[in-house]
Chemist: 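First the structure, which I've put down as structure tokens, then a few questions once you've had a look.
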Amino acid sequence: MVQLGLIGLGKMGFNMRERLRAAGHEVVGYDRNPDVSDTTSLEDLVSKLDAPRIVWIMVPAGEPTRATVTELGNLLAAGDMVIDGGNSKYTDDKLNADLLAAKNIGYLDCGVSGGVWGKDNGYGLMVGGAAADVERAMPIFDALRPEGPREEGFSHAGDVGAGHYAKMIHNGIEYGMMQAFAEGFELLEAAKVVKDVPAVIKGWQRGTVVRSWLLDLLVRALDEDPELDDLEGYVEDSGEGRWTLEEAINNAVPAPVISAALFARFASRQEHSAAMRAVAALRNQFGGHAVKKVGG
């Protein structure tokens with residue numbers, strides 16, 4: 001049994017606490033929402049943990065994570081360890097690690113994939129940091145990862161920053177896969193020859209080369225709403241896709257699929273695209289092609 005402090009009990013953190021507890025570990029959680037929190041403050045959380053402590057952070061990337069690491073640096077002691085399991089940019093990890101190292105506090109960054117299904121299915125984990133720190137936290141990682149061979153749900157990607165870097169690339173790939181399924185769905189919907197689009201997509205779940213968990217989730221969505229009419233085609237991005245493209249540029253690696261998927265998300269938010277209005281105007285100017293006037 002391992003004792004763990006867990007900060008951030010939202011959709012992911014709450015389920016992670018439940019999975020860890022089900023595996024027999026002691027988890028002391030803190031969240032600003034008192035209805036789910038086990039403690040009243042970070043100071044209270046730290047006081048309830050036995051040294052040497054392990055504290056896992058699951059809060060939004062950027063300033064919330066940096067502020068949490070800074071506060072923990074003032075509360076924890078030498079020999080303790082912090083794990084950032086959020087979606088921080090990998091370049092933030094060295095800053096966090098250096099801040100804590102000055103006080104002899106260890107640091108690991110852990111990319112976590114699994115979403116709301118992770119409680120039951122387990123989480124894919126990508127970790128960066130020193131091997132000794134990874135080994136110390138392995139009972140936690142083993143409880144969170146899916147059942148089966150460790151190497152199929154867990155990786156020690158490298159030094160500090162490597163875990164979040166791996167998760168960033170994972171999410172960039174995810175963008176491309178989702179966009180491919182989405183475009184295939186739209187093509188099937190547009191084709192007069194296909195009469196039952198949900199049946200076709202469901203029929204891909206076994207035996208085909210595109211079978212995957214993302215496909216299973218698309219089938220689930222279509223079971224609930226066969227035309228997906230209940231949804232607006234407005235898609236946000238959480239940052240990892242942009243960071244992936246920055247890395248593609250920095251390393252001169254072509255990434256046309258991921259870039260197209262990200263730009264498709266940008267396009268989904270444009271109710272009236274200035275770019276497309278310009279294209280329509282140009283086609284009309286040089287070729288006399290018909291245009292649709294606003295309100296016409």
Side-chain angles (χ1 to χ4, degrees), residues 1-10 12-13 16-17 19-21 23-32 37-112 123 125-145 150 154-167:
M1 189 271 288
V2 173
Q3 187 187 56
L4 177 72
L6 181 58
I7 301 170
L9 301 172
M12 290 277 282
M16 289 169 67
R17 179 178 64 175
R19 184 174 177 88
L20 286 164
R21 284 177 173 173
H25 298 300
E26 179 186 352
V27 184
V28 181
Y30 169 71
D31 193 273
R32 290 181 299 178
S37 187
D38 304 315
T39 57
T40 58
S41 66
L42 293 187
E43 185 175 7
D44 185 32
L45 178 140
V46 170
S47 72
K48 286 179 166 56
L49 300 175
D50 300 325
R53 307 168 187 87
I54 302 177
V55 179
W56 187 304
I57 302 172
M58 289 296 292
V59 302
E63 184 54 35
T65 294
R66 285 191 291 271
T68 302
V69 170
T70 300
E71 187 172 353
L72 285 174
N74 294 324
L75 294 171
L76 297 175
D80 293 344
M81 182 165 62
V82 172
I83 303 173
D84 177 12
N87 280 329
S88 294
K89 191 172 184 179
Y90 79 98
T91 49
D92 289 346
D93 290 313
K94 187 177 187 308
L95 301 175
N96 293 335
D98 288 348
L99 184 152
L100 295 174
K103 303 183 180 184
N104 292 316
I105 300 169
Y107 179 85
L108 296 175
D109 56 283
C110 183
V112 181
Y123 301 89
L125 306 173
M126 297 143 267
V127 180
D133 289 338
V134 173
E135 187 61 30
R136 177 181 166 193
M138 193 58 74
I140 299 168
F141 297 140
D142 278 341
L144 288 173
R145 67 174 176 82
R150 179 186 288 168
F154 169 89
S155 60
H156 180 193
D159 295 332
V160 165
H164 280 144
Y165 194 99
K167 178 58 163 46

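Reckoned from all heavy atoms, side chains included, excluding hydrogens, waters and symmetry mates.
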Chemist: One pair to check against side-chain contact (heavy atoms from CB on, under 4.5 Å): D142 and R150. What are the steps and the verdict?
Modeler: CA-CA 7 Å; D142 278 341; R150 179 186 288 168; 2.8 Å; yes
Chemist: What distance separates K94 NZ from L99 CG, expressed to the nearest 0.5 Å?
Modeler: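 Here the interatomic distance stands at 11.5 Å.
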Chemist: Taking atom CG as the centre, does D159 end up with more than 12 heavy-atom neighbours from other residues, nucleotides or ligands that are less than 6.0 angstrom away?
Modeler: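 At most 12 heavy atoms, drawn from other residues, nucleotides or ligands, come within 6.0 Å of this atom.
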Chemist: Donor-acceptor check, side chain of R145 to backbone of L125, threshold 3.5 angstrom: yes or no?
Modeler: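 Side chain of R145 to backbone of L125, a donor-acceptor pair under 3.5 Å: no, none is there.
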Chemist: Please round to the nearest 0.5 Å and tell me the distance separating atom NZ of K48 and atom OH of Y30.
Modeler: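 So the gap between those two atoms works out to 12.5 Å.
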Chemist: Can you confirm whether E43 is buried at CD, in the sense that more than 12 heavy atoms of other residues, nucleotides or ligands lie under 6.0 Å from that atom?
Modeler: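 Atom CD in E43 is not packed in, count stays at 12 or less.
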Chemist: Give, for atom CG of L76 and atom CD of E71, the distance between the pair rounded to the nearest 0.5 Å.
Modeler: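 Reported to 0.5 Å precision, the distance equals 10.0 Å.
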Chemist: Quick check: closest heavy atoms across P139 and V2, and the distance to 0.1 Å?
Modeler: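 So the two residues come closest at CB-CG2, 3.5 Å.
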Chemist: Verify side-chain contact (heavy atoms from CB on, under 4.5 Å) between E63 and R66, making sure each step is shown before the conclusion.
Modeler: CA-CA 5 Å; E63 184 54 35; R66 285 191 291 271; 3.5 Å; yes
Chemist: How far does CG of L144 sit from SG of C110, to the nearest 0.5 angstrom?
Modeler: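 If I round to the nearest 0.5 Å, the distance is 8.0 Å.
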Chemist: Measure across A97 and V160 and return the closest heavy-atom pair with its distance rounded to 0.1 Å.
Modeler: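 Closest pair (atom of A97, atom of V160, distance): CB-CG1, 3.9 Å.
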Chemist: Taking A61's backbone N and O only, do any of them form a donor-acceptor pair with N87's side chain (distance below 3.5 Å, no angle check)?
Modeler: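 Not confirmed, N87 side chain does not pair with A61 backbone.
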Chemist: Is it the case that the side chain of D38 and the backbone of V28 share a donor-acceptor pair, with hydrogens and angles ignored and the cut-off at 3.5 Å?
Modeler: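 Checking the backbone N and O of V28 against the side chain of D38, no donor-acceptor pair under 3.5 Å is found.
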Chemist: Look up atom CG in L100 and atom CG in L95, then write down how far apart they are to the nearest 0.5 Å.
Modeler: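 It is 11.0 Å, given to the nearest 0.5 Å.
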Chemist: Would you please say whether a donor-acceptor pair under 3.5 Å links the side chains of Y107 and D93?
Modeler: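 Their side chains do contain a donor-acceptor pair, which is all the 3.5 Å distance test asks for.
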Chemist: Any donor and acceptor pair, going by atom type alone, linking the side chain of H164 with main-chain N or O of G128 inside 3.5 Å?
Modeler: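 Not a single qualifying donor-acceptor pair exists.
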Chemist: Given 3.5 Å as the limit, does a donor-acceptor pair link the side chain of S88 with the main chain of G62, or not?
Modeler: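 No, the answer is negative, given that no donor and acceptor are paired below the 3.5 Å cut-off.
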Chemist: Under the 3.5 angstrom rule, does the side chain of R53 hit a backbone N or O of D80 as a donor-acceptor pair?
Modeler: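 No; judged by distance alone, with no hydrogens or angles, the pair does not exist.
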Chemist: How many angstroms lie between CD1 in I83 and CD1 in I7, if you round to the nearest 0.5 Å?
Modeler: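 So the gap between those two atoms works out to 11.5 Å.
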Chemist: Decide yes or no on side-chain contact (heavy atoms from CB on, under 4.5 Å) for L4 and L20, but give the supporting numbers first.
Modeler: CA-CA 9 Å; L4 177 72; L20 286 164; 3.6 Å; yes
Chemist: Can you name the closest pair of heavy atoms from G163 and A157 and give their distance?
Modeler: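 In terms of heavy atoms, the two residues are closest at N-CB, 4.2 Å.
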Chemist: Would you name the heavy atoms of A137 and L108 that are closest together and state the gap between them?
Modeler: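 In terms of heavy atoms, the two residues are closest at CB-CD1, 4.2 Å.
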Chemist: Can you give me the closest heavy-atom contact between V27 and R21, atom names plus distance?
Modeler: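 Of all heavy-atom pairs spanning V27 and R21, the closest is O-NH2, 2.9 Å.
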Chemist: Side chain of H25, backbone of R19: donor and acceptor closer than 3.5 Å?
Modeler: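 No; judged by distance alone, with no hydrogens or angles, the pair does not exist.
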Chemist: Heavy atoms only: give me the nearest W56-G85 pair and the separation to one decimal.
Modeler: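 Taking every non-hydrogen atom into account, NE1-CA, 3.4 Å.
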